[in-house]
Amino acid sequence: MIEIRDVTHRFGERAVLRAVDLDLRERRIAIIGANGSGKSTLARLLNGLIVPDEGRVLVDGLDTRTHGKDVRRRIGFVFQNPDNQIVYPIVEEDIAFGLKNAGLAPAERAARVEAQLARFGLSHLRSQPAHLLSGGEKQLLAIAAVLVTQPSCIVLDEPTTLLDLRNTRRIRNLVAGLDQQVIMVTHDLDLIMDYERVLVVDEGRVAVDDRPEAATTRYRAMMG
C-alpha cells in the first residue's frame with residue numbers, strides 16, 4: 001500500500017503540491033489535471049524519483065526518503081517519453097538491464113527477458129537498435145523493461161501522449177491485462193473510465209477523489 005502523509009513539495013518558491021494526504025490501495029487509479037497542476041510531481045513522489053519537502057511517502061511502510069532503492073523494487077515507473085527511459089542500444093539488452101543487480105542466475109535472467117519479448121510482441125526486434133523502433137514499439141519496450149523486474153505496482157506518466165490511436169489502444173489493452181496495481185497519469189479520459197478511482201489534481205491539491213464518471217464530470221466542469 002502507498003501512503004501519502006501531509007505532503008508538500010516545492011520547485012523554488014512555488015508549491016506544486018500542498019498538504020496532500022492519501023492512501024492508494026485500489027488496483028486501478030488514475031490521476032488527471034491540467035498542465036502544471038502537480039499531477040506528474042505526485043506520480044514521481046510515489047517511487048522516490050523525488051522526495052517531498054514536507055511530509056512522508058510510505059510504500060509498504062518504507063519511507064521513500066530513506067529506503068528509495070527498496071521502494072523502486074516495488075514500484076516501477078514509466079515516463080511519458082520512452083527515449084528518456086531506454087538506456088541500452090539493443091532491445092533485448094535494454095530489457096535485461098533492470099535485472100543486472102537483482103542477484104538472479106543467468107538462466108533466470110535470460111528466461112525473464114525471453115518472456116517479456118514474447119509478451120510484448122518484441123521477439124522479432126530483439127537484436128534491433130532501440131532508437132530505430134517506432135514510437136509505439138519504444139513505449140512497449142519501456143514498459144517491458146520495467147515489468148521484467150516484477151514490481152507490485154507500476155506508475156505510468158502519460159504513456160499514450162506521443163502515440164497514435166492504434167498504439168494508444170494497444171497500450172490500453174496491455175495495461176488492462178496487468179496483474180500489478182496500476183497508477184496512471186493521463187489527459188485521455190477514455191482510458192480510465194473502467195478504473196476504480198480517479199484523483200483530480202488542481203493547483204497542487206487533490207480537488208476530487210471519486211469514481212471515474214463523477215470525477216471526470218467534475219473535472220470537465222472545472223476546465224470549462
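Source: prediction; values computed, not measured.
Although no hydrogens or angles enter the test, the distance criterion places no donor-acceptor pair under 3.5 Å between the side chain of R27 and the main chain of V182. Between the R112 side chain and the A107 main chain, no donor and acceptor come within less than 3.5 Å of each other.
With respect to D60 and R74, a salt bridge is recorded, a charged nitrogen being found less than 4.0 Å from a carboxylate O. Contact check on E114 versus R126 returns a salt bridge, with a Lys/Arg side-chain nitrogen under 4.0 Å from an Asp/Glu carboxylate oxygen. Ion pair D188/R172 not flagged as a salt bridge, since none of the NZ, NE, NH1 or NH2 atoms sits closer than 4.0 Å to an Asp/Glu carboxylate oxygen.
Counting all heavy atoms, side chain and backbone alike, V148 lies closest to A145 at CG1-O, 3.3 Å. Shown here for G98 and T149, the closest heavy-atom pair between the two residues is O-CG2, 3.6 Å. Closest approach of R5 to D21, counting heavy atoms only: CA-OD1, 3.4 Å. Of all non-hydrogen atoms in I31 and I183, the two that sit nearest each other are CD1-CG2, 3.8 Å. In this structure, D53 and R10 approach most closely via the heavy-atom pair OD2-N, 2.7 Å. The shortest non-hydrogen separation linking D23 to R197 is O-NH1, 2.6 Å.
Under 3.5 Å, the side chains of H187 and N35 contain a donor-acceptor pair of N or O atoms.
Between K39 and E158, the closest side-chain pair of non-hydrogen atoms falls below 4.5 Å. Side-chain contact between P52 and L45 is present, with heavy atoms from C-beta onward closer than 4.5 Å.
Within 6.0 Å of CD on E108 lie more than 12 heavy atoms contributed by other residues, nucleotides or ligands.
Residue T168 holds its OG1 atom at 10.5 Å from CG of D190, rounded to the nearest 0.5 Å.
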